[in-house]
Chemist: 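Just passing along the structure, written as structure tokens.
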Amino acid sequence: MSLPIRRFLPQLGGLLLGLLGGVWLIESYVAQTQIAAQQEEREWVLAQASGLRARLEQSLSATAYLAQGLVGFLRAVEEPVPEQIQTALGTIAEGDSKIRNIGLAPDNVLRFVHPLAGNEAALGLRYADNPAQWPSVELAIQRRSSVLAGPVDLVQGGRAVINRTPVFREDGSYWGIISVVIDLAELLRDAQVTEQARELDVALKSALAVSRGNGWILPPVAGLAEDGFQLAISVPGGQWWLYARPRGGWHPFTGLLWTTRALLFTLLLLLVGFLLLLIRSLARSRDLATRLSEANSKLSSNNETLQYLARFDPLTNLPNRRYFDETLAQSWATCGRHKLPLSILMVDVDHFKAVNDEHGHATGDRCLERVATLLLSCLQRSDDFAARYGGEEFVVLSPGADPTQALALAEKIRRAIAGTLILPEDGDWERSFRITASVGVATHMPGEPDSAAEVCRDADQALYIAKRAGRNRVVHALANPDA
């Protein structure tokens, strides 16, 4: 081996290590790209499912509102004659294409129905003597509010749900029950479920106490109930569950990964080829050897920077989602060995989209930086870990914290953020504003069979409940079993 080559063996060794480091960084970046693509897909599915949920709630509410109009009519008219009642029923039924028929049962005996044609045999039905229909009627009377029963298969064909609305007189005495049969096909069409199903796998299930059978309104395709988003839909007397995921399942993004990997490895090989030429040239000049050493030092520094960017959020300097997942796996194993509880807090800035829309993304970034600082100031336990989960959402991992301690920490964080003044990027004090945050909390207790992913989902669902309940509040999943 010639002396010039021997002299540059350390540089060649550094190049080899740099090559191995480059391979590791490329694979890390590819994995992060996959996570980002999957997260973007999940956010899109959640947005579509949330819109679908809103349309279903609105459609059901509109039909329930018509029944309330009939309640007002029956209270206003002390002794309505049959012609008045039939006219009122017809007016209500014609106002909503989803209504298959509507019946009125004074003292729980069906006396009036619209349309009458085809439903004559139902007149005189005593709900108390009908075990299939009485439970929902009885529940509506007990609650003194509407109850949605079903799904049921109709004798005339098709499927429907039945909205039972009790009528009480002004003096509080019970008058009777209104039954509105809502055609499921029309309901799903009105809520654009069929159109949405072109892009999503969608399923609907009733979680009502008076549901019959397995409660599926739209049965799921294989695997949807296990890996799809699950959203609660508020309906009279309870709730439905909406399941959604991309049509055909979640995308693995294999093509994107291989394209990204091929591009980065090509760049890496070009870089290696360039460095080899440089080393060969440096073997002929000691001055060039000094420059090569400086280049290797710079490459090492760049590698450290890339490693930092792979694990930390550059805006808030908090650990990123990937780093949080690694820490969660380690903490889960440690708490399992030592039989300790583990709590997860999901923290989300309220009305953050409005901040970006009204004040611009630069001010939104300033807001997130401030929230990150406040979040860190609230952590006192040495094992507590905070990270940016994505967008305006942050997550806190608190190993060893039971529900009481987790709630105390969550309330501390909420109070620290509540009312924080944010100065816009342009420095205009008159346009400054205050922010709040909602916090969802979930705790895994020793011996419970759930997984880390389930605890994260419970905390996220508790956060959703806190948002739906008015924001700027803390909700624990244990206090909300439906979460």
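Because only heavy atoms are used, hydrogens play no part in the values below, and waters and symmetry mates are left out as well, while side chains stay in.
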Chemist: At their closest point, which heavy atom of Ala386 faces which heavy atom of Leu318, and how far apart are they?
Modeler: O-CD2, 4.2 Å
Chemist: Does a side-chain heavy-atom distance below 4.5 Å link Arg42 with Phe229?
Modeler: yes
Chemist: Going by the rule salt bridge (Lys or Arg N to Asp or Glu O under 4.0 Å), which residues pair with Lys467 if we only count those two or more places apart in sequence or in a different chain?
Modeler: Asp348, Asp350
Chemist: Are the side chain of Gln34 and the backbone N or O of Pro252 linked by a donor-acceptor pair below 3.5 Å?
Modeler: yes
Chemist: Would you indicate whether Gln58, at its atom CD, is surrounded by more than 12 heavy atoms from other residues, nucleotides or ligands within a distance under 6.0 Å?
Modeler: no
Chemist: Return the minimal non-hydrogen interatomic distance between Val474 and Leu407, and the atom names on each side.
Modeler: CG1-CD2, 3.7 Å
Chemist: Going from CE on Met445 to CG on Leu340, what distance comes out if it is rounded to the nearest 0.5 angstrom?
Modeler: 10.0 Å
Chemist: Would the distance check show the side chain of Thr420 and the main-chain N or O of Ile417 forming a donor-acceptor pair, the cut-off being under 3.5 Å?
Modeler: yes
Chemist: Take Val396 and Cys378, measure what side chain to side chain contact (heavy atoms under 4.5 Å, CB included) needs, and give me the verdict at the end.
Modeler: CA-CA 10 Å; Val396 174; Cys378 293; over 6 Å; no
Chemist: For Pro246 and Asp201, work out which heavy atoms get closest and say how close.
Modeler: O-OD2, 3.4 Å
Chemist: Can you measure from CD (Glu186) to CG (Asp183) and round to the nearest 0.5 angstrom?
Modeler: 5.5 Å
Chemist: List for me each residue that meets salt bridge (Lys or Arg N to Asp or Glu O under 4.0 Å) alongside Asp460, sequence neighbours excluded, and say none if there are none.
Modeler: none
Chemist: Side chain to side chain donor-acceptor pair (under 3.5 Å), that's the test. Do Arg126 and Asn108 meet it? Break it down for me.
Modeler: CA-CA 6 Å; Arg126 295 180 178 273; Asn108 297 331; over 6 Å; no
Chemist: Keeping the roles fixed (side chain from Thr316, backbone from Ala372), state whether a donor-acceptor pair exists under 3.5 Å.
Modeler: no
Chemist: How close do Pro166 and Ile141 get, heavy atom to heavy atom, and via which atoms?
Modeler: CB-CA, 4.4 Å
Chemist: Tell me whether Glu57 contacts the main-chain N or O of Ala54 through its side chain, where contact means a donor paired with an acceptor under 3.5 Å.
Modeler: no
Chemist: Between Tyr323 and Phe312, what is the ring plane arrangement, given parallel below 30°, perpendicular above 60°, and tilted in between?
Modeler: perpendicular
Chemist: Any side-chain to backbone donor/acceptor pair from Ser59 onto Arg55? Under 3.5 Å, distance only.
Modeler: no
Chemist: Under 4.0 Å between a Lys/Arg side-chain N and an Asp/Glu carboxylate O for Arg189 and Glu195?
Modeler: no
Chemist: Is it the case that the side chain of Thr334 and the backbone of Ser331 share a donor-acceptor pair, with hydrogens and angles ignored and the cut-off at 3.5 Å?
Modeler: no
Chemist: Go through the structure and list residues passing side-chain hydrogen bond (donor to acceptor under 3.5 Å, both in side chains) with Arg388, not counting sequence neighbours.
Modeler: Asp313
Chemist: Please report the shortest heavy-atom distance between Ala222 and Arg245, naming the atom on each side.
Modeler: O-NH2, 3.0 Å
Chemist: With distance as the sole test, does Arg311 use its side chain to make a donor-acceptor pair with the main-chain N or O of Arg322 at under 3.5 Å?
Modeler: no
